[in-house]
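Take a look at the structure below.
Basis for what follows: all heavy atoms, side chains included, without hydrogens, waters or symmetry-related copies.
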Amino acid sequence: MAAEGKHSPFTLRTLTYSVGSFLAAWGATKLLDTYFDTTLLATVRSWLLEFWDWMLLTSPLQNWSVMALAALLLYSFWTVAYYHRTSSNIFFELHKAEDVIQKLINPAPLHSIAHTLILCRVLHE
């Protein structure tokens, strides 16, 4: 159960939109196949079956292991690029500039702690 103030990311609305989008796409492809004779679903299915057969080919190095290695290398590259981007000085300088602009647009109230305590005391009397 979600804690108070925190909502689950999976709401009924997102589930409904996902299912509705899937059904609309399925219906559109069925209509294209039926009325325009485009055999879209059959072509995609044959491509997937050919890809599956290619993945299961016997060779000195299995094709699925080559694809897994490529996916691992791509994931590693994305991870390195992400950490380089977030830890570079350019990112921190940009963040500082954004903070300065934000403070210029929305200045903080000019209260000191003593001023806040005096206001609290006055309001409670």
Side-chain angles (χ1 to χ4, degrees):
M1 184 172 199
E4 186 176 333
K6 299 206 180 229
H7 299 288
S8 174
F10 301 108
T11 61
L12 183 62
R13 182 187 309 176
T14 56
L15 182 64
T16 306
Y17 286 160
S18 299
V19 170
S21 300
F22 177 77
L23 289 176
W26 177 77
T29 53
K30 278 294 199 185
L31 286 173
L32 285 172
D33 283 346
T34 304
Y35 293 108
F36 296 115
D37 196 27
T38 57
T39 65
L40 183 65
L41 291 176
T43 305
V44 170
R45 184 175 183 269
S46 67
W47 287 343
L48 290 173
L49 289 175
E50 288 175 19
F51 179 73
W52 184 256
D53 291 339
W54 178 79
M55 292 287 274
L56 295 178
L57 281 177
T58 55
S59 58
L61 185 63
Q62 296 284 328
N63 290 335
W64 64 265
S65 62
V66 173
M67 295 297 285
L69 182 63
L72 178 68
L73 289 173
L74 191 60
Y75 174 75
S76 300
F77 171 74
W78 283 336
T79 304
V80 168
Y82 172 77
Y83 282 114
H84 173 71
R85 181 176 177 264
T86 57
S87 64
S88 69
N89 289 334
I90 295 171
F91 178 76
F92 290 120
E93 289 173 9
L94 178 63
H95 188 65
K96 287 179 187 176
E98 288 174 347
D99 284 344
V100 168
I101 292 171
Q102 185 66 25
K103 286 179 184 176
L104 288 174
I105 293 172
N106 299 321
L110 301 175
H111 297 151
S112 65
I113 295 175
H115 187 241
T116 304
L117 290 173
I118 292 170
L119 281 175
C120 288
R121 185 176 296 156
V122 169
L123 291 175
H124 285 290
E125 289 180 352

**Complete:** OG (S65) and CE (M55) are apart, to the nearest 0.5 Å, by 9.0 Å
**Message:** Between D53 and L57, is there a side-chain heavy-atom distance shorter than 4.5 Å?
**Reply:** no
**Message:** Is it the case that over 12 heavy atoms from other parts of the model lie below 6.0 angstrom from the CH2 atom of W54?
**Reply:** yes
**Item:** Reported CD1-to-CD distance for the pair I101 and E98, which is rounded to 0.5 angstrom
**Value:** 7.0 Å
**Asked** If you group Ile, Leu, Val, Met, Phe, Trp and Tyr by side-chain heavy-atom gaps below 4.5 Å, do W64 and M67 land in one group?
**Response** yes
**Fill in**
One should read off an interatomic distance between T79 OG1 and Y82 OH, to the nearest 0.5 angstrom, of 10.0 Å
